[in-house]
Protein chains: 4
Amino acid sequence: MKKVNISTKTKDSKKIKHHRKQILEASIMLFKEKGYHQTTTREIAKSANMSYGSIYDYINSKDDILYLFYEALYDQINVMIIEKLRNNECKGLLRVRSFVKEYFMVIDEISNETSIMYSESRSLSELHLNYVLAKENEFVDYVKNILHVSIQEDGIFISEDKLSLLANNIIVHGHMWAFRGWTLKKTFTLESYTKVQTDLFIDSIIGLKNTEVNEVETVETKSSI
Amino acid sequence: MKKVNISTKTKDSKKIKHHRKQILEASIMLFKEKGYHQTTTREIAKSANMSYGSIYDYINSKDDILYLFYEALYDQINVMIIEKLRNNECKGLLRVRSFVKEYFMVIDEISNETSIMYSESRSLSELHLNYVLAKENEFVDYVKNILHVSIQEDGIFISEDKLSLLANNIIVHGHMWAFRGWTLKKTFTLESYTKVQTDLFIDSIIGLKNTEVNEVETVETKSSI
Amino acid sequence: MKKVNISTKTKDSKKIKHHRKQILEASIMLFKEKGYHQTTTREIAKSANMSYGSIYDYINSKDDILYLFYEALYDQINVMIIEKLRNNECKGLLRVRSFVKEYFMVIDEISNETSIMYSESRSLSELHLNYVLAKENEFVDYVKNILHVSIQEDGIFISEDKLSLLANNIIVHGHMWAFRGWTLKKTFTLESYTKVQTDLFIDSIIGLKNTEVNEVETVETKSSI
Amino acid sequence: MKKVNISTKTKDSKKIKHHRKQILEASIMLFKEKGYHQTTTREIAKSANMSYGSIYDYINSKDDILYLFYEALYDQINVMIIEKLRNNECKGLLRVRSFVKEYFMVIDEISNETSIMYSESRSLSELHLNYVLAKENEFVDYVKNILHVSIQEDGIFISEDKLSLLANNIIVHGHMWAFRGWTLKKTFTLESYTKVQTDLFIDSIIGLKNTEVNEVETVETKSSI
DNA sequence: GATGAATGAGCCTTCATTCAT
DNA sequence: CATGAATGAAGGCTCATTCAT
């Protein structure tokens, strides 16, 4: 899905980029602290070192800032993950492990933004929401693809349904670290959280291997469940 | 944690209950549609078939409505689950299956409320937020306990960490059905979602059984992962 | 000027009297503490041990309460002063001394009411304000008359203008004790305030005697007065 | 006592001064007519020829307007009186006469404000009230000082108590002209009020001279004062 | 382009008054 | 008559957005 274009009075695209970045950085801080609605455009302008009126040379409405926020968030996740996975040469479930680890690390770095994402999506206009949901779908597909390829390399075949759910689970487990950090961090560090969560995940896949790949074999214990 | 008391001008506790229910039902509809901040007290009053000033006979501020919402939500979850599990005589992992099924069904019934819960927790005042977090902790403990007992009955022992994470996962997987319903429902019905999610979950526990319970045994395949 | 009649739903005049008294007593307390506008009818009702709606069986509007307050205040002043002066047999300037003393004592007893009188007269409706001003004029005349008679008895004659001003001064000096009590009470007790204020007052009258009545005479002993 | 600072959104101090003046002038008119509580911020804005929200660029709350009013009132009294007494070269009781005359003239010019001062002091917040009372005390001291010096120059010595009361009396007699103008103006012009009031005042001081300083002396001619 | 003062719609809340019970 | 829940007009204040400079 193509980005929603935000028209501006200003034409100089370099300046637009620069100032929008300022606006965004200020917004993230403020949104995290007080939420989108409690944050005023004046505060954003001040925090972005711009004059009150200037903001409106780079956006059309406060709404746009929220959209810009989501757009930037997805861009960031994409860039960071692709970056980190570039030289990764793992295969099979090891690649999955690797991906989850990198993904969780990314979320940890942007946990503020992730929490905001959960809080404020309802404030998006329909147009902007559609873009965000499309982006989310793209990311699910991306994860599904990684999973699919990796699992196949280990000779495991799973149904489309399960693949889909596993992908969604990974993504949500990442978000969880952000939005349930207040309680998870009492028990886990990012590392231990990643390890335990991944172990469980891999175990469920291997479970799958047994049940699905080889249905004629005598399945142990599980048949009774 | 004790409920935060909300004083009222009116004394008649029957009326209070009745009107608060009206206010809540109206609010849920509106919050779901537009979020807490976009919903005005006038809209709530109108939608609750009350006069404009009357809602302030039953609450003290708009804030209270949000708190009432969270309070009711947790009460509802507790009541519904306890109700449903009352005559359950399953043991072991079957009990876990059963619990997850009932829990997901509850969430499905109150998926609107669950989504709102995720969006609006930031809008709670600190006092009210503390109550909500305490309630959430209580629920995690409740799930941990079910898991612990059930797993033991099947002769599986797992670390406190894993137990904690599994409980959190179950809870979040329930919420997921609400807040990611927009995409999950393209692939799953509640039943299929429950089945697949539970299968994965049980598999990960059985995986645990192999790795943790019997460490001296030669662990298959997994060690290489 | 005749009292402004306040119509009521209730006819039983005994009850009216009783309940209005309750309302007034509650109001004085509350008006002193928070002023007329900050005091709600609910508070008055509660403080008067009546139900919210009942108040409106004895008055027509919150405005009426304020009027009732002023009416009662003037009645009280009249009654109290007449009561106290009944058996007074002083003559001449001694009668003035006596009157001032009694008047200041009355004001001291109702200093709360007096302060309220000053604060809230602007809140009276025009109709009610006219009644109050008429009452005030009556009181000025009453004081002028006392002065006139008393001074004449001592063989002092003063112009109508001066008489008028002296009467107003006495009245305002009484009020002063109420509305400037916050500072006067740092220096004076009611007794010392009365003494010093009266001494000054008598001296100014005796001054008048000299200047106006008989410029060449020497002044007699004031100490006896 | 230092002025209570009222923060503004706007920085331009010239504009602040200008707009606050507008607000104040509008407020005085409206407060005089209807009192502080009956006057709405909307009315003030309209009457001050400002847009509705704009007044909140120059004040923080309706309360501030009242405070600004009192502050301006005291400033005005100080400035006007000092201005008028600058070139006054009278001595003794003549200086007192002169001061009273100027003071009454000032009050007459700001009689609306003076009446408002009496009605609305209860509406001030505690912080602001304290400032006002401190200012009032300062003014009492100022008047006491003038009296003290002037009287001494004429060889009259009076007790601290009497001095204090005389100062308070002068001040209240000024206020009286404002808050009892509705009746005093039926009998007096400012000039005649001033003359009669001052004559009485001087007589009471001369009375003091006789009683306190030298009880046996004969009284000299007052007519020259 | 930048600035920040001006605008006014809209929000939450209060409270005098009414009226069904 | 008494009660107190219901009503809704009105008030103080905020803040996204505009626009003159």
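We name chains A, B, ... by the order of the sequence lines, and we start the count at 1 in each one. Owing to the predicted nature of the structure, the values given are computational and were not obtained by experimental measurement.
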Margin query: Judged by each residue's nearest nucleotide on DNA chain E, which is more toward the 5′ side, C:S61 or A:N49?
Written below: A:N49
Check: Charged N to carboxylate O under 4.0 angstrom, C:K34 versus C:E43?
Finding: yes
Checklist line | Presence of C:Y36 side-chain N/O under 4.0 Å of E:dA16 phosphate oxygens OP1/OP2 | finding: no
Item checked: Options F:dA5, E:dA16, E:dA6, nucleotide nearest the side-chain atoms of C:T40 -> E:dA16
Notebook entry, point to check: Rounded to the nearest Å, what distance is computed from the CD1 atom of residue C:I55 to the P atom of nucleotide E:dT18?
Noted result: 13 Å
Item checked: Separation of A:I116 CD1 from A:E33 CD (nearest 0.5 Å) -> 10.5 Å
Checklist line | Pairwise 5' ranking along DNA chain F for B:S54 and D:D63, keeping only the more 5' one | finding: B:S54
Check: What integer distance in Å separates D:K14:NZ from E:dG4:C1'?
Finding: 17 Å
Notebook entry, point to check: Is the phosphate of F:dT14, meaning OP1 or OP2, less than 4.0 Å from a side-chain N or O of D:Y56?
Noted result: no
Check: What is the distance from NZ of C:K62 to P of E:dT18, rounded to the nearest Å?
Finding: 15 Å
Next item on the list: With DNA chain E as reference, determine whether C:T39 or D:S51 sits nearer its 5' end, using the nearest nucleotide of each.
Entry: D:S51
Checklist line | Rounded interatomic separation in angstrom, taking CD from A:Q38 and C1' from F:dC15 | finding: 13 Å
Margin query: Less than 3.5 Å apart, any donor N or O on the side chain of A:E71 or A:H128 sitting next to an acceptor on the other?
Written below: no
Next item on the list: Tell me which of C:M50 and D:H37 sits closer to the 5' end of DNA chain F, going by the nucleotide each one is nearest to.
Entry: C:M50
Note to self: With a 4.5 Å cut-off on side-chain heavy atoms, are C:Y67 and C:I59 touching?
What the structure shows: no
Check: A:R42 has an atom CZ; how far is it from atom P of E:dT3, in whole Å?
Finding: 14 Å
Next item on the list: Describe, in one word, how the ring planes of D:Y36 and D:F31 are oriented to each other, choosing from parallel (under 30°), tilted (30 to 60°) and perpendicular (over 60°).
Entry: perpendicular
Next item on the list: Give a yes/no answer on whether the side chain of C:Y52 brings an N or O atom under 4.0 Å of OP1 or OP2 in F:dT7.
Entry: no
Checklist line | Identified pairing partner of F:dC15, criterion: Watson-Crick or G-U wobble below 3.5 Å | finding: E:dG8
Item checked: Whole angstrom value for the distance that separates P of E:dC15 from NZ of C:K46 -> 14 Å
Item checked: Between P of F:dA2 and CD1 of C:I59, the distance in whole Å -> 14 Å
Item checked: Assigned partner base of F:dA20, Watson-Crick or wobble definition, under 3.5 Å -> E:dT3
Checklist line | Given A:H18, A:K17, A:E25, the one that forms side-chain contact (heavy atoms from CB on, under 4.5 Å) with A:K21 | finding: A:E25
Checklist line | Given E:dG1, F:dA16, E:dG8, the nucleotide with the shortest approach to the side chain of A:D57 | finding: E:dG1
Notebook entry, point to check: Between E:dT13, F:dA2, F:dG12, which nucleotide has the shortest distance from any of its atoms to the side chain of D:T41?
Noted result: F:dG12
Check: NA contact type, B:H19, heavy-atom cut-off 4.0 Å: base, sugar-phosphate, or nothing?
Finding: sugar-phosphate
Next item on the list: Find the distance C:I16:CD1 to F:dC1:C1' and express it as a whole number of Å.
Entry: 12 Å
